[in-house]
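Structure, as structure tokens:
Chain letters run A, B, ... following the sequence lines, proteins first, then strands; residues in each count from 1.
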Amino acid sequence: MAYEVKLEVFEGPLDLLLHLITRQRVDIYEVSLSTITDEYLRAMAAIDELDLETATGFLVVAATLLELKSARLLPQRAGDEATSSLLEERDLLLARLVECATFREAGAWLAAGLREGARFHGREVALEDRFVDMAPDLLARIAPDHLAAAAARVFAPKPVIEWDTSHVSPIRASVADAIAELAETLKARERVSFGALCGRGTERIEVVVRFLALLELFKAGAVELDQADRFGDITALWTGEVDADEVLQEADEYSVAAPPASGGAR
Amino acid sequence: MNERKVIESILLLADEPVPASLISEVLEQPRAAVERILETLAGEYRADDRGFLLRETAAGWRLYTDPECDPYLERFVTSHTNTRLTGAALEVLAIIAYRQPLSRAQITEIRGVDSDGVVRTLQQRGLLVEAGRDQGPGSPVLFTVSREFLERMGLRSTDELPPLADFMPDAEAVEDMEAKLSPNA
Amino acid sequence: MNERKVIESILLLADEPVPASLISEVLEQPRAAVERILETLAGEYRADDRGFLLRETAAGWRLYTDPECDPYLERFVTSHTNTRLTGAALEVLAIIAYRQPLSRAQITEIRGVDSDGVVRTLQQRGLLVEAGRDQGPGSPVLFTVSREFLERMGLRSTDELPPLADFMPDAEAVEDMEAKLSPNA
């Protein structure tokens, strides 16, 4: 059964990932990168129910996870630059997770300290009468303008942080959808470059999702891939040997809950 | 429970003389027992030559500084610790001056921080005064700035305070702040 | 003059923590001597199991009720505004306590999530204060924890916080995390 995560509970991408990665599993199956990635994406798919200020951060972590996950589908080549930079990215993510876990723990300690501190009540009583007149003039050097400035500080409307999210298009993190879509295109056109397959989908996550879909198709033998230069565009060739539906069945581990019908991120 | 200890802690916190009957209620102990402890404590402080005394007045029991220490206490009170309004006190004064009358709860709500202590100090220093009670539930005490305060500021009434708009961050500054906070910055 | 006595009376009169330096000024006694007396007093109160304690925090020395008496003090304490903090707020507080001074952007970077709202809340609660500006581009405001925070924690400075390493996940947990992020898993 799918592990349900309520995203509202999480403060940000690191928080969510930390939860997924450190929680105790009830069942004995090992939590794999693949499961974590899927759960992360599923939780992220619900992001439109939140304010979107953290959407960008969520996407960046998602992309890293997807890249890591896709890396295991490829034969590892020792000393491969792409692989080592991916591992660097992994280490950075790990370091940030450890830091996040550390400060969370420290925060819990502070909470206990503040709770304990609240049980100490400091002496705070009014001056005994015979000293009141001696107390120095509190209003020395205070002019009406100081008052006005203080009042303005308190009453000023706090800046409303409106996050421009126009650059965040609806999240289509479903690899399954991408497989079906790519298969359709490839069947019709036989030879298509990866760049063309991505089309206008410029969001990093969509590119990553399509890339994953292509790898799935390749693994299943439905396409052949050709890359002329190291960083050149990949060209995909439809082999016609496997049906897209079969690939989909095999790839169901990638299925990610689609955003609710109300639409994705706005 | 150590009754002596709890009584001492109550005395340290209480802002006004505490009747023995109230302590006996809090402790759920007979009043006579409480009074015995209070008297013992008062005797102890005297015998130990402490800087504070426990005295019973008509209103109840309260800790006082020993008058013997007065010369030093005067120096302490007039020393620079309290020579300036704290930021919190200035804020409370400003809020009341511009929005009076206000209850303690309203002030706390506007500031987002508990402000009872500050209100008490300002009242004691004659800068705030009580001005009736709110009609609402609990009919809380309402505060306004004092006449003395207005005089010191050279104002005939709070209407003469500078318009707040002059001190508000201008629209441009707010926009600029927003831009800096936006993720695309 | 009986220094101990005068110091006790000052502590009773004060409505906030008193720095040893101020007492030393008022008494015209070397600060070291004053501190010795303060420490002796703190020890005496503890040994005598009094209802009050003398503690030193970043803000200075102050008399507090013994936390053991807390359950009986409800009606003598002004209700503090709800001091419960969210996990996010605690995390930000921890980050600043250990890495101060920090700008908003630096906090956000560490947490991977926008933290401006949380910083503002903590500032309003008086737990964070602005402490100058960074020299870097845009000279952003830097934040540190407040004296009040240190006072509530009973700390003389952030140096007294336990080493951050105490809160790190242990090696096994980190290895486990690493394994779960490994492409070859």
Decide side-chain contact (heavy atoms from CB on, under 4.5 Å) for C:L102 and C:R99; before the verdict, give the C-alpha distance in whole Å, the side-chain angles of both, and the deciding distance to 0.1 Å. CA-CA 7 Å; C:L102 288 176; C:R99 297 272 166 89; 3.6 Å; yes
Presence of salt bridge, C:R104 and C:D114, under 4.0 angstrom: no
Residue pairs, two or more places apart or on separate chains, that pass side chain to side chain donor-acceptor pair (under 3.5 Å) and touch residues 161-177 of chain C: C:D176-C:K180
Residue from C:A89, C:P162, C:G154 scoring the most non-hydrogen pairs under 4.5 Å with chain A is C:P162
Does one side chain, of C:S24 or C:Q29, offer a donor that lies under 3.5 Å from an acceptor on the other? no
Using a 4.5 angstrom heavy-atom cutoff, name the option from C:L73, C:L93, C:L13 with the most pairs to chain A. C:L13
Residues of residues 139-151 of chain C contacting chain A, heavy-atom criterion under 4.5 Å, by residue number: C:F149
Is it true that a side-chain atom of C:E8 and a backbone atom of C:K5 form a donor plus acceptor pair closer than 3.5 Å? no
Heavy-atom count check: over 12 atoms from other residues, nucleotides or ligands less than 6.0 Å from C:R46 CZ? no
Can you tell me which of C:T86, C:L11, C:I95 forms the most heavy-atom pairs within a distance under 4.5 Å of chain A? C:I95
At a 4.5 Å cut-off on heavy atoms, which part of C:A14 comes close to chain A: side chain, backbone, both, or neither? backbone
Out of A:L65, A:L93, A:L17, A:V98, return the one with the most heavy atom pairs under 4.5 angstrom to chain C. A:V98
Sort out for me which of C:L127, C:I110, C:L161 touches chain A most, counting heavy-atom pairs under 4.5 Å. C:I110
Looking at C:R36 and C:E39, does any basic side-chain N land under 4.0 Å from a carboxylate oxygen? no
Can you confirm whether C:E109 is buried at CD, in the sense that more than 12 heavy atoms of other residues, nucleotides or ligands lie under 6.0 Å from that atom? no
Let's go through A:R96 and A:E99 carefully: what are the C-alpha distance in whole Å and the side-chain angles of both, what is the deciding distance for salt bridge (charged side-chain N to carboxylate O under 4.0 Å, His left out) to 0.1 Å, and is it a yes or a no? CA-CA 5 Å; A:R96 295 186 70 196; A:E99 191 175 46; 5.7 Å; no
Under a 4.0 Å threshold between the charged nitrogen and the carboxylate oxygen, would C:E91 count as salt-bridged to C:R111? yes
Here the pair of heavy atoms bringing A:D15 nearest to A:C100 is N-SG, 4.4 Å
Identify the residues of residues 47-55 of chain C whose heavy atoms come closer than 4.5 Å to a heavy atom of chain A, ordered by number, or report 'none'. C:L53, C:R55
Return the orientation label for the C:Y64 and A:F120 ring planes: parallel under 30°, perpendicular over 60°, tilted otherwise. perpendicular
Any ring pair (Phe, Tyr, Trp, His ring centres under 6.0 Å) pairs touching residues 86-127 of chain C, not counting sequence neighbours? none
Heaviest contributor of heavy-atom pairs below 4.5 Å to chain C, chosen from A:G113, A:G122, A:G107, is A:G122
